[in-house]
Amino acid sequence: MRPTAFALVVILPLITSVIGTPTSTPPSINVKIPLSKRASKLVNDQGVVSASALQNELARTRSGLESKVARGFSAFQRNTGSAHPSDTRNLANSTDLNNRKRATGADPLTDDQDGSLWQGAISVGTPPVHFTGSSDLFLPGQNCGTTCRGHTIFNTAASSSAVNQNSRASLAFGDGSTVNADIFKDTVTVAGLKATSQTVGAATQYSPGFEIDEFPPDGLMGMAFQEISVFQAAPVFQTLVAQGVVTAPEFGVKLATTGSELFLGGVDTALFQGDLTTNPVTQVGFWQIDLQSVNVNDKAAVSDLSAVVDTGTTLIVGDPDNVAAFYAAIPGSKDASETVGPGFFTVPCDDIPSVSLTFAGKAFTLSPDTFNLGLVSLGSNDCVGGVSASDLGNFWVTGDVFLQNVYTSFDVGNTQVGFATLT
């Protein structure tokens, strides 16, 4: 079975799934979806950052985030009739339109793009075909053409459970290309948990960024809220919740070098210690919560922020003014816009600061290995910091630089995000 990429939110790509009609086998309880992480291509064996790879990652991260955020804002306004509160560039112009046994499932995830893409395994159709696989789920369809070559195809004609909805949708991505998809309903299975009549896009065109050499998984599955669905449909996990399939309306994620996992229907208590520090979602759509402060050596450098929690983003990304203020609190830090790329900063390699993020009164510390992206050059005293700047709006995005240090709970039922210390 090949792994499949999955997105936790539109600003966060990651999830595994299986599509096809249900079988007589009941879903397993406490099934886990493991995730694995391959060696980073951003840094060589000597700990030096690849300038081109880092610039490409920065460009991909920035353009991808801008595209995903813009797409999410647009879908939110279309689906709710109101502009998203964090869409500061468009908000001023917006107009208000006013007894069955349940289960949990865990799926292993693979990091197949150096910390920016975590994936797990899926199958689709009746009989099932195995895939490596936003709030929306799409897979390469049989009419996709050369851009889908090398991927496993979601052949709707071969699936007896696929139902054509006679509609199409288009999703824009960071490279400026689009994915066009025909909309179907089919049965999606994730780690043995089945969502029936789930909306799925059968792509008729993939952007270059989704071709097999650049994107090993077959498709994407979003884990955000329906409010930002381009398909205007419930995401897979929300369907599992609505159909009473999962034990609890919650999923947990661990992203690390080893032992990474997606857990559906609750949290895997063996992977963290103590209690979860919970944070209410401030605006349903993205997994957006209050970020109390970003700290340097236990002192707040910037505070009173909003953050979108996004497993599909490698870096921590903030607005330019606050990111500059954050690095100003680090002695010896430098603006690396001219040497590394716009939005990047460096810190002294021999004095990596203690960086932490405070949520709901608790500070969660980033390990030096996750904050320090690597040497600028061989013999340099400067290392690239994992917090970068981009003008996305009035919020930060906490990606894998932060999330690899914590266990994360996404609680759909209580619309909250929880963090805990890893075991």
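Judged by distance alone, with hydrogens and angles left aside, the side-chain atoms of Ser306 form no donor-acceptor pair with the main-chain N or O of Asp290 at under 3.5 Å. Between the side chain of Ser229 and the backbone N or O of Phe231 there is at least one donor-acceptor pair closer than 3.5 Å. With hydrogens and angles disregarded, a donor-acceptor distance shorter than 3.5 Å links the side chain of Thr423 to the backbone of Ala270.
Within 6.0 Å of atom NZ in Lys185, more than 12 heavy atoms from other residues, nucleotides or ligands are found, so the atom counts as buried in its surroundings. Counted within 6.0 Å of CZ on Arg149, heavy atoms from surrounding residues, nucleotides or ligands total 12 or fewer; the atom is thus considered open.
Of all heavy-atom pairs spanning Leu291 and Ala307, the tightest one is CB-CB, 3.9 Å. Closest heavy-atom contact between Asn180 and Arg168: CB-NH2, 3.9 Å. Summarising the geometry of Asp400 relative to Thr311, their closest heavy-atom pair is OD1-O, 3.0 Å, with the distance given to 0.1 Å. Val387 approaches Trp396 most closely through the heavy-atom pair CG1-CZ3, 3.9 Å. Of all non-hydrogen atoms in Phe225 and Pro235, the two that sit nearest each other are C-CG, 4.1 Å. The two residues Ser161 and Asp186 have their closest heavy-atom pair at OG-OD1, 2.5 Å.
Annotation: the span from Asp182 atom CG to Thr156 atom OG1 amounts to 8.0 Å, rounded to 0.5 Å. Atom CG of Leu276 sits about 7.0 Å away from atom CD of Glu250, to the nearest 0.5 Å. To the nearest 0.5 Å, atoms CZ (Phe154) and SG (Cys148) are separated by 13.0 Å. The distance from atom CD of Gln292 to atom CG of Asn279, rounded to the nearest 0.5 Å, is 9.5 Å. Expressed to the nearest 0.5 Å, how far CD of Gln416 lies from CH2 of Trp287 amounts to 9.0 Å. Distance OG/Ser377 to CG/Asp382: 8.0 Å, rounded to 0.5 Å.
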Would Asn372 and Val384 satisfy side-chain contact (heavy atoms from CB on, under 4.5 Å), going step by step from the backbone distance to the final call? CA-CA 6 Å; Asn372 176 11; Val384 182; 5.7 Å; no
Pair Val323-Val294, side-chain contact (heavy atoms from CB on, under 4.5 Å): steps then yes or no: CA-CA 10 Å; Val323 169; Val294 182; over 6 Å; no
Show, in sequence, the C-alpha distance, side-chain angles and deciding distance for Leu373 and Leu315, and conclude whether the side-chain contact (heavy atoms from CB on, under 4.5 Å) test is met. CA-CA 10 Å; Leu373 300 181; Leu315 306 170; 3.8 Å; yes
Hey, mind stepping through Glu261 and Val253 against side-chain contact (heavy atoms from CB on, under 4.5 Å) and telling me if it holds? CA-CA 6 Å; Glu261 163 187 299; Val253 177; over 6 Å; no
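Taking the six-membered ring for Trp and the full ring otherwise, the centers of Tyr206 and His151 sit less than 6.0 Å from each other. A distance of 6.0 Å or more separates the ring centres of Phe263 and Phe251. Checked against the 6.0 Å centroid criterion, the rings of Phe419 and Phe402 qualify as a close aromatic pair.
Defined by atom type and a distance below 3.5 Å, a donor-acceptor pair is missing between the side-chain atoms of Asp369 and Ser367. Counting only N and O atoms by type, the side chains of Thr147 and Gln205 include no donor and acceptor under 3.5 Å apart. Side-chain atoms of Gln288 and Thr282 include no donor-acceptor pair closer than 3.5 Å. No side-chain donor-acceptor contact under 3.5 Å links Asn143 and Thr204. Counted by atom type alone, Ser260 and Lys254 present zero donor-acceptor pairs between their side chains at under 3.5 Å. In the model, Asn405 has a side-chain atom that pairs as donor or acceptor with a side-chain atom of Thr370 under 3.5 Å.
Here the side chains of Gln238 and Leu240 are not in contact, with every heavy-atom distance at 4.5 Å or above. Between Asp411 and Thr278 there is no side-chain heavy-atom pair separated by less than 4.5 Å. Two residues are said to be in side-chain contact when any heavy atoms from C-beta on lie closer than 4.5 Å; Tyr407 and Asp268 meet this criterion. Within the 4.5 Å cutoff, no side-chain heavy atoms of Leu220 are placed close to those of Leu137. Contact check for Phe237 versus Val245: no side-chain heavy atoms found under the 4.5 Å cut-off. Here the side chains of Ser388 and Phe344 are in contact, with some heavy-atom distance below 4.5 Å. The shortest distance between side-chain heavy atoms of Phe138 and Val200 does not fall below 4.5 Å. When side chains are defined from C-beta on, Val376 counts as touching Thr346, because their heavy atoms get closer than 4.5 Å.
Residues that satisfy the ring pair (Phe, Tyr, Trp, His ring centres under 6.0 Å) test with Phe326, not counting sequence neighbours, are absent from this structure.
No cation-pi contact links Lys362 to Phe359, judged by a cut-off of 6.0 Å to the six-membered ring centre and 45° from its axis.
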